[in-house]
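Report on the structure given below.
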Amino acid sequence: MPELPEVETVARDLRPLLAGRKVVAFWVGEAKLRRPWKRSWSGLMAGLRFGEVRRRGKWLMLPLESRKPTAVAGTLLVHLGMTGQFTVVPADDPWADHTHFVFFLDNQTHLRFRDIRRFGSVEWFPAGQDVDNHLGEKLGPEPLDIPAAPFAEAMRRSKRTLKAILLDQAVVAGVGNIYADEALFRAGLHPKRRGHTLTAAECDRLRTAIETVIARAIESRGSTIRDYVGGSGLRGGFQNEFAVYGRTGEKCVTCAGGIERVVVSGRSSHFCPVCQPAGG
DNA sequence: CTGTAATCCTGCGAGC
DNA sequence: TGCTCGCAGGATTACA
């Protein structure tokens, strides 16, 4: 399930494969995704060239330029949802089922968007509509470099559970269920602790735990639980380094305790009751 | 300001 | 073997 490290890996993979490539044809399927693809957008794609792929939180931005004076025609805003796959493959590779978008490129390759559960989305933002601004309004800072003071302030004034706060994209952008659990373990904090109960030291530990977990996961090209693959089809490796996620009933990596699972914020949360004591 | 639950969706594995 | 059922959960919305 793509969170920031997976989306970052896709962005890094796609960047060199797409830069300067021209769209010679475009195909979009009938199945509904999380957000509608408007018919009128389809006709605009052919003839445009991809610019530099970017990422913000769990969102991918793919600028497309028109041939004339390399003016940006618009930007594709993509969310991989739960099972989205965005890959560049040889044109003669067989089409997998649940393929929803195909960009035919000028070097006998395809950029394909596949999404089994259809929680993902692809949208077109014409130049002039500020995509960064659109995302900026609902997203907090990137988790690789979290400003300490605002993070501490957000904790101090929140009575929500830590799990709910970490999943809130407006507090930190890009953290999902897996990395929230892993960060809380590394910080030694129970997922049901409330933000305002954290000491300054605990708050600092949590902030650096998020940064560390996300950074290490990116180094491992993300985590492949089921369907996730990078932009060139490679799987991730961080699932082999999980301390708590999906390890219910197994032994804690640092103590003799057993990993437990509780539901917080409607999401399953995995933690070690010894290393992450309740209360505080 | 909280939390909970439903909504979208398909595949998989456990249990019978 | 084949069925049902629970679960996976990102973002959004409705409701208590």
Side-chain angles (χ1 to χ4, degrees), chain A residues 1-8 10 29-37 55-61 77-86 95-101 113-123 131 134-140 142-143 153-184 190-198 210 214 217 222-229 235-236 238-239 242 244-249 259-271 278:
Chain A
M1 29 226 73
E3 300 178 25
L4 187 145
E6 292 74 29
V7 181
E8 174 63 21
V10 171
E30 296 291 331
K32 266 204 166 93
L33 297 182
R34 199 75 183 80
R35 305 185 78 88
W37 175 267
R55 178 198 57 75
R56 176 80 169 90
K58 299 173 193 171
W59 298 86
L60 283 169
M61 287 169 280
L77 182 62
V78 180
H79 199 293
L80 299 178
M82 289 289 299
T83 52
Q85 300 178 346
F86 216 24
W95 286 35
D97 49 3
H98 307 294
T99 296
H100 305 300
F101 290 88
F113 182 79
R114 176 176 187 243
D115 187 359
I116 295 168
R117 263 174 269 183
R118 285 190 263 149
F119 277 32
S121 64
V122 180
E123 281 181 279
V131 190
H134 169 77
L135 290 179
E137 283 174 5
K138 52 183 180 181
L139 297 181
E142 289 287 310
E153 178 62 14
M155 288 294 161
R156 195 187 62 74
R157 59 157 187 248
S158 177
K159 291 181 176 163
R160 299 148 85 195
T161 60
L162 295 180
K163 185 60 180 278
I165 296 171
L166 292 192
L167 292 178
D168 185 347
Q169 302 299 294
V171 176
V172 176
V175 177
N177 205 40
I178 293 172
Y179 299 110
D181 281 6
E182 293 297 316
L184 287 169
H190 194 284
K192 283 190 175 177
R193 277 282 294 279
R194 306 275 162 173
H196 69 103
T197 70
L198 294 194
I210 295 167
I214 296 290
S223 309
T224 294
I225 305 296
R226 289 189 178 82
D227 305 294
Y228 164 76
V229 293
R235 297 163 63 84
F238 195 71
Q239 66 279 5
F242 287 166
V244 287
Y245 183 83
R247 297 191 63 240
T248 310
I259 303 305
E260 294 183 9
R261 174 186 172 276
V262 288
V263 174
V264 191
S265 275
R267 296 285 168 256
S268 66
S269 298
H270 312 75
F271 70 105

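So that the names make sense, note that chain A is the first sequence line, chain B the second, and so on, each numbered from 1.
- Within the 4.0 Å cut-off from OP1 or OP2 of dG11(B), at least one side-chain nitrogen or oxygen of His98(A) is found.
- Neither OP1 nor OP2 of dT10(B) sits under 4.0 Å from any side-chain N or O of Thr83(A).
- Nucleic acid contact for Arg267(A): base, since at least one base atom lies under 4.0 Å from a heavy atom of the residue.
- Among residues at least two apart or in separate chains, there is no salt bridge (charged side-chain N to carboxylate O under 4.0 Å, His left out) pair with a member in residues 260-269 of chain A.
- For Thr161(A), counting side-chain heavy atoms from C-beta on, the closest listed nucleotide (dG3(B), dT10(B), dA11(C)) is dG3(B).
- When distances run from any side-chain atom of Arg34(A) to the nucleotides dC8(B), dA8(C), dG11(B), the shortest one goes to dC8(B).
- Taking only side-chain nitrogens and oxygens, Lys58(A) comes nearer than 4.0 Å to OP1 or OP2 of dA11(C).
- Side-chain nitrogen and oxygen atoms of Tyr245(A) include at least one within less than 4.0 Å of the OP1 or OP2 phosphate oxygen of dG9(C).
- No donor-acceptor distance shorter than 3.5 angstrom exists from the side chain of Arg114(A) to the backbone of Gln85(A), with no hydrogens or angles considered.
- Here Ile259(A) contributes atom CD1 and Asp181(A) contributes atom CG; the two are 10.0 Å apart, rounded to the nearest 0.5 Å.
- Position along DNA chain C of the nearest nucleotide to Arg117(A) versus Lys138(A) favours Arg117(A) as the more 5'-ward residue.
- Counting heavy atoms from C-beta outward, Ile214(A) and Glu8(A) have side chains that stay 4.5 Å or more apart.
- Relative ring orientation between Phe238(A) and Tyr179(A) is described as tilted, the plane-to-plane angle lying within the 30° to 60° band.
- In this pair, Phe119(A) lays its aromatic ring flat on the base of dG9(C), centres within 5.5 Å and planes under 30 degrees apart.
- Rounding to whole angstrom units, CG of residue Asp115(A) and C1' of dA8(C) are separated by 14 Å.
- The CD1 atom of Ile116(A) sits 14 Å away from the C1' atom of dG9(C) (whole-angstrom rounding).
- Distance from the side chain of Ser158(A) is smallest for dT2(B) among the nucleotides dG3(B), dA11(C), dT2(B).
- Rounding to whole angstrom units, CD of residue Gln85(A) and C1' of dG10(C) are separated by 17 Å.
- A close approach under 4.0 Å does not occur between any side-chain nitrogen or oxygen of Gln169(A) and OP1 or OP2 of dG10(C).
- Put simply, the residue from His270(A), Glu182(A), Lys163(A), Glu3(A) that forms a side-chain hydrogen bond (donor to acceptor under 3.5 Å, both in side chains) with Asn177(A) is Lys163(A).
- Rounded to a whole Å, the CD1 atom of Ile225(A) is 15 Å from the C1' atom of dG11(B).
- Among the nucleotides dA11(C), dA8(C), dT10(B), the one closest to any side-chain atom of Trp59(A) is dA11(C).
- The existence of a salt bridge linking Asp115(A) and Arg34(A) is excluded, since no basic side-chain nitrogen approaches an acidic carboxylate oxygen closer than 4.0 Å.
- Spacing between atom CZ of Arg114(A) and atom P of dT10(B) amounts to 13 Å, rounded to whole angstrom units.
- Taking the six-membered ring where the residue is Trp, Phe113(A) and His100(A) present tilted rings, their angle falling between 30° and 60°.
- One axis for each end of the helix from dT2(B)-dA16(C) to dC16(B)-dG2(C), each built from five base pairs, and the angle between them comes to 60° at 10° resolution.
- Using a 4.0 Å heavy-atom cutoff across all strands shown, Lys32(A) reaches no nucleic acid atom at all.
- For the pair His79(A) NE2 and dG9(C) P, the computed distance is 15 Å after rounding to whole Å.
- Per the geometry, CZ belonging to Arg194(A) stands 11 Å off C1' belonging to dC1(B), to the nearest Å.
- Rounded to an integer number of Å, the gap from Lys163(A) NZ to dG10(C) C1' is 13 Å.
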